[in-house]
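Beneath this line is the structure, given in structure tokens, with notes to follow.
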Amino acid sequence: SPVFTLLPAWSAHEGAERVRTLFEATFGAPATGVWSAPGRVNLIGEHTDYNGGLCLPIALEHRCYAALSRRTDTLVRLVSAQGDGEVWEIDLADVSPGAVTGWGAYVAGVAWALREAGHDVTGFEGAVDSCVPFGAGLSSSASLEAAFAIAIDDIAGLGLGADDAGRSTLVAACVRAENEIAGAATGGMDQAASLRARDGYALALDCLDGSVHHEPFDPAGYELLVIDTRAPHELNDGQYASRRATCDAAAEVLGVATLREWLDAGTDLETSLAAALGRLVDDTTRRRVRHVLTEIDRTRAAFAAMQAGDWGTFGLLMDASHASLRDDYEVTVRELDLAVEAARTAGAIGARMTGGGFGGSAIALVPAGTSAAVATAVVGAFVAAGLREPAFLTSRAAGPAA
Ligand code: ADP
Ligand code: MG
């Protein structure tokens, strides 16, 4: 028997069956349809999205499933297999920033944002079931928003899901839902990954202008192991917002809208970094800015390495990214540092935390066929340190919300 917990992705059939059954048991009639959206891991480019930077996520095979039926009024009624069994309810007329509590805020927020953007969106009944681990830094929140965004788009006949431009509009609605209604100050990477990824490709996302490039993700000779550290992860507790505020304040001192623009105004990283550090006095701010500027540069280098199939270089950049997030951005925790260290010791050619940090998940690029051995070694390291056992996922680069 395996000595580690592997979290499998459901088949599309299993996900649809589960959520249809929950819908019917709760609302007493079949749903109009089932939609789903993936969680994600970011390969590199962390805490860069809200700085106008670059990131490189892939969509996971693990998805959030939503069954929906349209209502003629503006009531939203929801149930989640991951919830408390109660139906969560709100009238869209009562949705506004600060007015909504509970997990339904992510969903009602999407409908609210689409209405704010002028789209004709009514209420609905919805059921949710998900195999994206909850609060593990793998974007269960964005997958929830994206599953409903694509579902609402479909039942309201908006047609936004049909092309990348329309999907960018859905991304914007999801970001507004998360920032303004759910009250989590996250950037736009997670929602873009869930709605704009392509099956088999990594999503090279430029957060300054929202443009994307799809690059095949097929690390020949290697595979991706995801380690859910199960360390408590809470983005709403102010740490994420405080990092974001520090970056905004630094950009203001430097006279740019985003740190990305500061980086690109110089001839190279060294020049831009030295010039920024020369103008910023606070030591903490200097380290935060150093992370952002070096991370955007590393993401460019990693993208080039990916195009060249140079996974050795890619792995070294993952390692450097983790060190920067640990030492300069200070968003890792003991469990993330240990997961990364143990994976490397067990043969990973690169490992780093992924997502916002403060708990959550790490990723490791390991030689093909060694995921089980590396996972076993990581579990051993956690047990030896007296920490709760992590869980593991593997995934290829999967497809977007549909
Ligand atoms: P992450 O996105 O990394 O998983 P977040 O803290 O951003 O973690 O989002 C987790 C929150 O999203 C949960 O606390 C819950 O409110 C909501 N959520 C995500 N998936 C579901 C689900 N299947 N059912 C109900 N709520 C969910
Ligand atoms: Mg989230």
Side-chain angles (χ1 to χ4, degrees), residues 7 9-10 15 18-19 22-23 26 34-42 46-47 49-50 55 57 59-60 62-68 76-90 100-110 126-149 151 171 174-179 181-195 226-241 244 331 333 336 353-363 391 393 401:
L7 305 173
W10 298 337
R18 293 175 76 119
V19 80
L22 176 64
F23 186 98
T26 307
V34 172
W35 295 263
S36 68
R40 62 95 191 92
V41 290
N42 187 24
E46 216 65 78
H47 285 277
D49 56 355
Y50 53 83
C55 53
L60 293 173
H62 299 67
R63 299 175 78 90
C64 177
Y65 292 83
L68 248 78
V76 170
R77 302 183 71 221
L78 302 170
V79 66
S80 170
Q82 284 73 45
D84 56 10
E86 300 286 309
V87 172
W88 187 97
E89 194 170 304
I90 201 163
V100 189
T101 55
W103 69 272
Y106 292 93
V107 175
V110 173
V128 181
D129 202 350
S130 179
C131 63
V132 181
F134 211 87
L138 302 176
S139 263
S140 70
S141 61
S143 67
L144 175 63
E145 293 151 9
F148 275 89
V171 168
C174 293
V175 171
R176 281 200 77 184
E178 182 143 349
N179 288 172
I181 305 302
T186 58
M189 169 177 67
D190 304 349
Q191 295 81 2
S194 196
L195 281 152
V226 183
I227 306 160
D228 169 9
T229 64
R230 288 169 151 172
H233 154 87
E234 186 53 82
L235 289 184
N236 304 32
D237 73 351
Q239 288 284 359
Y240 192 102
R244 200 172 166 156
V331 293
V333 292
L336 285 168
M353 58 155 276
T354 189
F358 310 111
S361 293
I363 53 172
L393 289 71

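Counting convention: from 1, in listed order, for ligands and their atoms alike. Model, not experiment: these values are computed from the prediction.
- Heavy-atom contacts of Ser80 reach the following atoms of ligand 1: 22 (C), 23 (N), 24 (N), 25 (C) (cutoff under 4.0 Å).
- When non-hydrogen atoms are compared, ligand 1 lies under 4.0 Å from the backbone of Leu138 (N, CA, C, O) but not from its side chain.
- No cation-pi contact links Arg77 to Trp88, judged by a cut-off of 6.0 Å to the six-membered ring centre and 45° from its axis.
- Among the backbone and side-chain atoms of Ser141, an N/O/S atom is found under 2.8 Å from the Mg ion (ligand 2).
- Exactly one of Glu46, Gln239, Met353 qualifies for a side chain to side chain contact (heavy atoms under 4.5 Å, CB included) with Val331. That residue is Met353.
- Scanning all heavy atoms of the two residues, the minimum distance from Asn42 to Pro57 falls at OD1-N, 3.3 Å.
- For the pair Val76/Glu89, no side-chain contact is recorded, criterion being any heavy-atom separation below 4.5 Å from C-beta on.
- One distance of note links SG of Cys174 with CD of Gln191; it measures 6.0 Å at 0.5 Å rounding.
- Counting only distance, with no hydrogens or angles, the side chain of Thr354 and the backbone of Val41 share no donor-acceptor pair below 3.5 Å.
- Counting heavy atoms closer than 4.0 Å to ligand 1, residue Ser141 contributes atoms from both its backbone and its side chain.
- Each of the atoms 1 (P), 4 (O), 8 (O) of ligand 1 lies under 4.0 Å from some heavy atom of Gly135.
- For ligand 1 and Ser130, the ligand atoms under 4.0 Å from any heavy atom of the residue are 23 (N).
- Taking a 4.0 Å cut-off on heavy atoms, Ala136 registers as neighbouring ligand 1.
- Listed here is the closest heavy atom pair of Leu138 and Val132: O-CG1, 3.8 Å.
- Less than 4.0 angstrom separates some heavy atom of Val128 from each of these atoms of ligand 1: 23 (N).
- You'll find the ring centres of Tyr50 and Tyr240 inside the 6.0 Å limit.
- Remark: distances from the non-hydrogen atoms of Ser139 to ligand 1 include one below 4.0 Å.
- Inclusion of Ser140 in the set of residues having an N or O under 3.5 Å from an N or O of ligand 1 is warranted.
- Distances from ligand 1 to the non-hydrogen atoms of Gly137 include at least one value under 4.0 Å.
- Selection from Tyr65, Trp103, Trp88 by nearest heavy atom to atom 26 (N) of ligand 1 gives Trp103.
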